[in-house]
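The basis for the numbers below is simple: all heavy atoms, side chains too, and nothing from hydrogens, waters or symmetry mates. For the single chain, residues carry numbers from 1 onward in sequence order.
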Amino acid sequence: MPQFPEQASTEWILSTFVYTVGAIAVLLVVVGLVFIDVGLVRRRNVLDTALQKIGAAMVGGLGTLLVGYPIWQWQFNQAFGVPDPFLQAMRDWWLGGAFTTTASRHIDPSALPEADVLQIFLVFFVTFTMATVALIHTGVVERIKAVPLYVMSFVVGAVLSPLVGYLCWGSLSPLTLRGTHDFDGVFPLYITAGTFVLVLAWRVGPRLGAFGAAHRTGARPAAQNLSFVGIGMLLILLALPFITLGSGYIVPDVGFFGISFTESGMGLVIVNLVAAILGGAVVGLFLAHRRHEPTWAFLGPISGVVITGTLLDIGTAWQCLLIGALGPVVGLGTAALLRRLRIDDPKVVPLALGPGVVGAVLTGFLEWGTRTGGYIGLEGPYAVGVAQITPWWQLAGVAATMLVAGVPALLMCLLFERFGGLRADAAAEVAGLDRTRWGVENSSDDLDAPALPAEGASPVEQEESATVTSA
């Protein structure tokens, strides 16, 4: 069988390693979201929350692994003139496809150069979907049923997130070739997840006792350990530099480009990322002290990253610092609007959808006229820099993403409402989902807590109390 040693060149091996680290780093985002949600839910829902989130992430990742990735690869087949571009992408890149199941040294570079890199990009997309689905679950914790969540997660992974990626994320995507610009996955991750949650949280309804309306049982949202939110935030920040470097092209002997083939640099995007984090962190810290709401101190840096996600590859550090500082402010305003609408989601829509949309449009104004789109070596309508960034095409990307995510979300919600429902029973919510779904308590012990003797009791009375308790 022929072997092609050029597929194993040092340059491609190094690129493969960078993308592998980026792909695996996305899993840290899922871990961080687990910590954030575990810290913010009622104690009696901790186990179910962690289990549902991890399960939904796995199911969504499976959808991308099976058939989702070829949807994104479709754009490259179109640009390179492959006959039947969509069907060929499916034949090549589904789980049993020729490019998915063949070692790179046996793939002719004329058919698929950089085979290892593109195979690792498949893994990157799988973990990217896992983070998207985990974020969607965050918006409906403590009340959604498992089956609707898992079915929706599969659809998001197999179709919706890859379709948004095909439209908006990639140098040869249809909207990118007209002027829509993304870098850090704002459209397929943040705006997709935020739109889906907006619809899903509306249809599922608020948690018992939310918005100050006391439930007859006294049940209400209650954070069991707010410090976990800080741990989750740090884990996400730890992952972001590696994910950011994975959101672009590494061209040997030429340099680093954004995913839209915009001129950039590894050092530039990391400096911009840190500036965005610090801008969001300082303003979030101010809001936390001003409003006595500690979660803003923990979530402020994340909102700073989201709002600058389309700017990191082409902006400056000053721009990213100042725009990042707007992240918590936009998040606070979005959260206030949701409360007025009585939609119970204090995290995903305020941190992902609001800042994601505002940041995408601001990038259109700040980088108006900057060249984007195309692919190195191609000419004509696919040449590098064929399009120019404009606010109008940024808005077009936002609208397309919200339609692709929002319409199917509503249809699936209505379907599940008709057959079986979306939401857990009120009695189960009150008692706690750990016990009603799994028959256990997350913090249970094999012994009851011993009764403490009365203050001032004699040694004999203390011994009798211990004996009775052990009996």
Side-chain angles (χ1 to χ4, degrees), residues 64 68-79 85-86 89 121 124-125 128-129 131-132 135-136 156-196 243-244 246-249 257-262 264 305-314 352-368 370-375 381-382 384-409:
T64 301
Y69 185 59
I71 297 175
W72 186 71
Q73 282 287 344
W74 179 18
Q75 62 182 284
F76 296 94
N77 283 3
Q78 289 176 312
F86 178 76
F121 245 72
F124 189 86
F125 260 78
F128 204 79
T129 295
T132 304
L135 192 59
I136 288 172
V156 169
V159 180
L160 303 186
S161 185
L163 182 56
V164 174
Y166 163 77
L167 291 171
C168 304
W169 195 77
S171 61
L172 297 170
S173 70
L175 292 180
T176 301
L177 291 172
R178 288 162 174 79
T180 301
H181 175 74
D182 193 3
F183 173 66
D184 215 18
V186 171
F187 290 101
L189 173 54
Y190 301 122
I191 298 179
T192 295
T195 302
F196 205 99
I243 298 171
T244 299
S247 298
Y249 296 110
F257 297 84
I259 195 64
S260 299
F261 245 112
T262 46
S264 189
V305 172
V306 173
I307 200 170
T308 57
T310 55
L311 185 65
L312 293 175
D313 60 326
I314 52 178
L353 183 58
V357 169
V358 170
V361 176
L362 281 177
T363 296
F365 284 101
L366 292 173
E367 296 295 331
W368 202 332
T370 299
R371 292 289 177 176
T372 189
Y375 197 87
Y382 302 110
V384 173
V386 67
Q388 296 184 28
I389 298 172
T390 69
W392 327 122
W393 281 109
Q394 293 299 91
L395 278 171
V398 169
T401 301
M402 295 186 73
L403 283 172
V404 169
V407 173

Counting only N and O atoms by type, is there a donor-acceptor contact under 3.5 Å from the side chain of Gln75 to the main-chain atoms of Ser173?
yes
Check the side chains of Tyr166 and Gln78 for a donor-acceptor pair under 3.5 angstrom, ignoring hydrogens and angles.
yes
Shortest non-hydrogen contact between Ala360 and Thr310, atoms and distance:
CA-OG1, 3.6 Å
A side-chain contact here means heavy atoms from C-beta on lying under 4.5 Å apart; do His181 and Asp313 qualify?
yes
Assess whether side-chain contact (heavy atoms from CB on, under 4.5 Å) is satisfied between Phe86 and Ile71, documenting all intermediate values.
CA-CA 7 Å; Phe86 178 76; Ile71 297 175; 4.2 Å; yes
Within the distance-only criterion (no hydrogens, no angle test), does the side chain of Thr195 pair as donor or acceptor with the backbone N or O of Met402 below 3.5 angstrom?
no
Test your reading of the model: is there a side-chain donor-acceptor pair from Thr372 to the backbone of Ala387, 3.5 Å cut-off?
no
Would you name the heavy atoms of Gly68 and Pro162 that are closest together and state the gap between them?
O-CB, 3.2 Å
Ring geometry between Phe124 and Phe128 (parallel below 30°, tilted from 30 to 60°, perpendicular above 60°):
parallel
Distance in Å, Leu167 CG paired with Asp182 CG, rounded so as to fall on 0.5 Å steps
12.0 Å
When rounded to the nearest 0.5 angstrom, what distance separates CG in Leu311 from OG1 in Thr363?
4.5 Å
Test item: Phe187 and Val398 side chains (from C-beta on) under 4.5 Å apart, heavy atoms
yes
Just wondering, do Ile389 and Ile314 contact through their side chains at under 4.5 Å, heavy atoms?
yes
Counting N and O atoms only, with roles assigned by atom type, does the side chain of Trp169 sit under 3.5 Å from a partner on the main chain of Phe183, one being a donor and the other an acceptor?
yes
Rounded to the nearest 0.5 Å, what separation is found between the CZ atom of Phe125 and the OG1 atom of Thr132?
10.0 Å
Worked verdict on Leu395 versus Val361 for side-chain contact (heavy atoms from CB on, under 4.5 Å):
CA-CA 6 Å; Leu395 278 171; Val361 176; 3.6 Å; yes
Between Thr308 (side chain only) and Val305 (backbone N and O only), is there a donor and an acceptor less than 3.5 Å apart?
yes
When rounded to the nearest 0.5 angstrom, what distance separates CH2 in Trp72 from CG in Leu163?
14.0 Å
For residues Gly258 and Ser264, report the shortest heavy-atom separation together with the two atoms involved.
N-CB, 4.1 Å
Main-chain N/O of Leu172 paired with Thr176 side-chain donor or acceptor, under 3.5 Å
no
Rounded to the nearest 0.5 Å, how far apart are CG of Asp184 and CG of Leu189?
8.5 Å
Passes side-chain contact (heavy atoms from CB on, under 4.5 Å), Tyr375 versus Tyr382? Steps please.
CA-CA 6 Å; Tyr375 197 87; Tyr382 302 110; 5.8 Å; no
Tell me if a side-chain donor or acceptor on Ser161 pairs with a main-chain N or O of Gly157 at a distance below 3.5 Å.
no
For the side chain of Thr180 and the backbone of Trp393, is there at least one donor-acceptor N/O pair under 3.5 Å apart?
yes
Classify the ring geometry between Tyr249 and Phe261 as parallel (under 30°), tilted (30 to 60°) or perpendicular (over 60°).
parallel
Rounded to the nearest 0.5 Å, what separation is found between the SG atom of Cys168 and the CG atom of Leu175?
4.5 Å
